Amino acid sequence: MRKILVTGALGQIGSELTLELRKIYGTDNVIASSRRKKEEQKEVIESGPFEIVEVTNAKQMAEVVQKHKVNTIIHLAALLSAVGEQKPQQAWDINMNGLYNVLEVAREENCSVFTPSSIAAFGPSTPKDKTPQDTIQRPGTMYGVTKVAGEVLCDYYFKKFGVDTRGVRFPGLISYATLPGGGTTDYAVHIYYDAIKQGKYTSFIDKGTYMDMMYMPDALNSIVTLMEANPDKLIHRNAFNISAMSFEPEDIAAEIKKHIPEFEMDYDVDPVRQSIAESWPNSLDDSAAREEWGWDPKYDLASMTTDMLEKLKVKLNK
Ligand code: VAH
């Protein structure tokens, strides 16, 4: 039976993933962890085992793994792209030393490891359209550097020590439960909140800027499906291109207007996040994930927008 430790369990992915994993594997088999408690995440903290784990503290992490007899680590704790450009040294420390500690603890305690990479692992010299699974990766952000290095380090731990490491390259993730923390794709979440609260949104990403995106239910499903996939069928491991849709701000605004006709959007482009977005692919080739472990997203822009607006109207009491 899996005994799973989730790092970064109070973040955008972790908060929903932890609750989903507890439904699948049993509450007591999923230990949520974070560097500190958050008042707004009481459901995750109080619905099952919770531990304080600072991922840069290897001793603390090893003690939690031993205490709960963990055999699977889902490592989500990281600084994202935009925040990583404000604090590049801290991004390296958390994203790289945190991952190194996870891999060393996994090696010593015989744990499997799932940790996501990102489309940020690609850069301006990467083919932009239908970006191949295996291609040049010269990212221009510290976040992207840590993602490429993380992919290679995870493959090394698999080949050198037999640690069962697997990962996906997440696109921008859109969800209604927990706000994202400092990414470039965050505009695609905030637009829904502002559409409901104010009927308008000012985008920090410019018109015509395509990025790959995915609705959170598909992202959660990708983690469990890859984690449980038959290892004999995996040609790749760290990390798989996956995507569900590719759109630009005008596309998501047009979809929202189908539900809120009076919705208006204008632009106040953030040069930092715009340059990051322009360095990333427009769309990904995710055929390897589909062939090797049955990746098959369910949501497109239309169905995601319908569900996001429905759930946010309840959450925001509108
Ligand atoms: C970010 N949401 O914007 C994250 C993600 C592909 C983007 O890694 O930094």
Side-chain angles (χ1 to χ4, degrees), residues 7-8 10-17 74-88 90-92 94-96 98-99 114-124 126 128 131 137 139-151 167-193 203-206 209-216 218-220 222-223 238-249 252 269-286 289 297 304 308:
T7 73
L10 304 185
Q12 183 196 14
I13 304 172
S15 57
E16 292 194 61
L17 178 67
I74 299 182
H75 177 50
L76 303 175
L79 287 192
L80 298 182
S81 59
V83 171
E85 286 310 289
Q86 293 163 1
K87 310 173 190 172
Q90 190 182 4
W92 176 268
I94 291 172
N95 296 10
M96 288 316 300
L99 175 60
F114 175 96
T115 191
S117 179
S118 160
I119 60 171
F122 299 117
T126 302
K128 280 203 165 304
T131 299
Q137 293 178 259
T141 63
M142 175 59 92
Y143 176 68
V145 167
T146 67
K147 286 301 168 185
V148 175
E151 289 185 10
V168 296
R169 290 170 185 148
F170 275 138
L173 298 184
I174 292 153
S175 63
Y176 61 85
T178 302
L179 282 167
T184 300
T185 58
D186 296 2
Y187 91 89
V189 177
H190 296 304
I191 190 170
Y192 287 109
Y193 278 81
S203 175
F204 58 75
I205 294 296
D206 205 357
T209 309
Y210 283 89
M211 287 188 274
D212 273 76
M213 300 283 182
M214 183 183 298
Y215 198 27
M216 187 61 79
D218 280 329
L220 303 184
S222 74
I223 295 171
N238 301 283
F240 285 90
N241 283 0
I242 60 170
S243 183
M245 58 192 99
S246 168
F247 57 72
E248 59 126 330
I252 191 170
V269 175
D270 168 10
V272 174
R273 284 181 286 188
Q274 182 61 26
S275 71
I276 293 173
E278 287 173 358
S279 73
W280 291 349
N282 296 327
S283 59
L284 292 187
D285 170 1
D286 60 5
M304 173 177 73
M308 272 293 278

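Nothing here was measured: the structure is a model prediction, and the numbers come from that model. Below, each value reflects all heavy atoms present in this structure, side chains not excepted, and no hydrogens, waters or symmetry copies. Start at 1 and go down the list; that is how both ligands and their atoms are numbered.
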Residue portion contacting ligand 1 (non-hydrogen atoms closer than 4.0 Å) for Ser81 =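 Under 4.0 Å from ligand 1, Ser81 contributes backbone and side-chain atoms.
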
What do we get for Tyr143 next to ligand 1 when only non-hydrogen atoms under 4.0 Å count, side chain, backbone, both or neither?
-> side chain

Heavy-atom side-chain contact between [X] and [Y] under 4.5 Å:
X: Met304; Y: Met245; answer: yes
X: Phe170; Y: Ser222; answer: yes
X: Ile205; Y: Met211; answer: yes

Regarding Ser81 and Thr184, is there a side-chain donor-to-acceptor distance under 3.5 Å anywhere?
->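 Yes.
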
Indicate whether the side chain of Ser246 and that of Ser283 have a donor and an acceptor atom separated by less than 3.5 Å.
-> no

Should you measure from each heavy atom of [X], which atoms of ligand 1 turn up under 4.0 Å away?
X: Ser118; value: 5 (C), 6 (C), 7 (C), 8 (O)
X: Leu80; value: 9 (O)
X: Ile119; value: 6 (C)
X: Phe170; value: 6 (C)

Ligand 1 contacted by Pro171 (non-hydrogen, < 4.0 Å) | yes

Are Leu173 and ligand 1 in contact, using a heavy-atom cut-off of under 4.0 Å?
-> no

Of Thr126, Asp285, Asp286, the one forming a side chain to side chain contact (heavy atoms under 4.5 Å, CB included) with Thr131 is Thr126

Knowing that exactly one of Val189, Ile174, Leu179, Leu76 qualifies, which makes a side chain to side chain contact (heavy atoms under 4.5 Å, CB included) with Gln12?
->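 That would be Val189.
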
Just need the protein heavy atom nearest to atom 3 (O) of ligand 1, so name the residue and atom and give the distance.
->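 For this ligand atom, the closest protein heavy atom is Thr184 N, 2.7 Å.
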
Looking only at protein heavy atoms, identify the closest one to atom 2 (N) of ligand 1 and say how far it is in Å.
->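 Answer, as residue, atom name and distance: Thr185 OG1, 3.0 Å.
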
For Trp280 and ligand 1, does the shortest N/O to N/O distance drop below 3.5 Å?
->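 In this structure, Trp280 places no N or O atom under 3.5 Å from an N or O of ligand 1.
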
With Thr209, which of Gln274, Arg273, Glu248 fulfils side-chain hydrogen bond (donor to acceptor under 3.5 Å, both in side chains)?
-> Gln274

